[in-house]
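Please read the structure below before turning to the comments.
Keep in mind that this is a model prediction, so the values were computed, not measured. Labels below follow one simple rule: chain letters A, B, ... track the order of the sequence lines, proteins then strands, and each chain is numbered from 1.
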Amino acid sequence: MPELPEVETVLSSLLPKIKGKKIKTVRVRHKDVVGWPETAIKFSQGLCGKKISGGFRRGKLLLFTLDEEGKLIFHLRMTGRLYYSDKIYQPRKHAHLVLDFSGGGTLIFEDTRRFGRVYLVKTGEEKYAGNLEKLGPEPLDPEFDLKAFSQALKQKKGRIKGLLLNQSFIAGLGNIYVDEILFRSQIHPETSAQNLEDRAICRIYTSMKEILNEAIAGRGTTFRDYRDGEGRAGDFQDLLKVYGREGEKCPYCSDYIERKKVAGRSSFFCPCCQKDDVNDSGSVRKR
DNA sequence: AACATCTCCTGAAAGC
DNA sequence: TGCTTTCAGGAGATGT
């Protein structure tokens, strides 16, 4: 499920392939994936002839600039794939949007569960695309320092797991990386944010940056569906310490990884290393 | 404000 | 073996 590192990987693998290319034909094969389905015809017309001039990531959104005119914005949600092919492309079952470029090459948006969305917006109207306007700070932004993180956290009352998943609190984290961050920080997912000591907040902040950077270096996590912009799987699944590892031995102690529903999501944690509401008893180890 | 629950959707896995 | 049920989850909507 694409989170920040996966979206970043899609962007970096895709952009060199499509930058500067002009869209020749647009095939909307399932109009529900278009942000405003009733405008699917306008969507196609608006995209024809446009050139992809650049792209960037914000939270879990992929934004491609169409010169100065507008942006093409994707949210991959659970099972979305966005990739480039330079072969003659025969649309597969869940290929909902297919863009053919002048001079060859195809950009394909596939999404088995159809939770993903694609938006076409004019410059200045980007905020209408998905949750873009409501997104919190970028966790890897150098200007988002520990002080800013700590201050934001201390204003909140909820549990840490739900807070880190909340895109308006911080943008780009999903279930996998929140569990990994909390494991490295040695914080139980149900710990209330208010009860966190400064040292615990610092561990979360540091782990967050480390794990996101490591996952980007590993080109993302593939459990089943995720592929990068060239259709390749990621490598980071092998390096996950807790996510999806219920019943396996904790890599740092003799206990076993447990699974519990927190904030409506499966949460994996070590009950020994991540004790609820005991953030800093002096037993924290360097990881 | 915080949190639970439902919704969307498909296919894999588990249950019988 | 084969059919049926459950489950996974990002995020928005809704209810408490």
**Prompt:** Thinking salt bridges, do A:Arg81 and A:Asp228 make one under a 4.0 Å N-O criterion?
**Reply:** no
**Request:** Over all heavy atoms of both residues, which pair between A:Pro137 and A:Ile170 is shortest? Give the atoms and the distance, please.
**Result:** O-CG1, 3.5 Å
**Asked** Does A:Arg265 have a side-chain nitrogen or oxygen under 4.0 Å from the phosphate oxygens OP1 or OP2 of C:dG10?
**Response** yes
**Prompt:** What bend angle does the helix from B:dA2-C:dT16 to B:dC16-C:dG2 show across its length, from five-pair end axes and to the nearest 10 degrees?
**Reply:** 60°
**Asked** Are any of the side-chain nitrogens in A:Asp198 or A:Arg203 under 4.0 Å away from the carboxylate oxygens of its partner?
**Response** no
**Message:** Which is more 5' along DNA chain C, the nucleotide nearest A:Arg113 or the one nearest A:Gly130? Just name the residue.
**Reply:** A:Arg113
**Message:** Would you say A:Glu214 and A:Tyr177 are linked by a side-chain donor-acceptor pair, where the criterion is simply a distance under 3.5 Å?
**Reply:** no
**Request:** Might you confirm whether atom CG of A:Leu239 has over 12 heavy atoms from other residues, nucleotides or ligands at distances under 6.0 Å?
**Result:** yes
**Asked** Is it true that A:Arg58 and A:Glu138 make a salt bridge, defined as a side-chain N closer than 4.0 Å to a carboxylate O?
**Response** yes
**Prompt:** Under 4.0 Å between a side-chain N/O of A:Tyr243 and OP1 or OP2 of C:dG9, yes or no?
**Reply:** yes
**Span of DNA chain B, from the first to the last nucleotide whose atoms fall under 4.0 Å of chain A heavy atoms** = B:dA2 to B:dA12
**Asked** Is A:Phe115 stacked on the base of C:dA11, meaning ring centres closer than 5.5 Å and planes within 30 degrees of each other?
**Response** no
**Asked** Can you tell me if the side-chain N/O atoms of A:Gln167 get under 4.0 Å from OP1 or OP2 in C:dA11?
**Response** yes
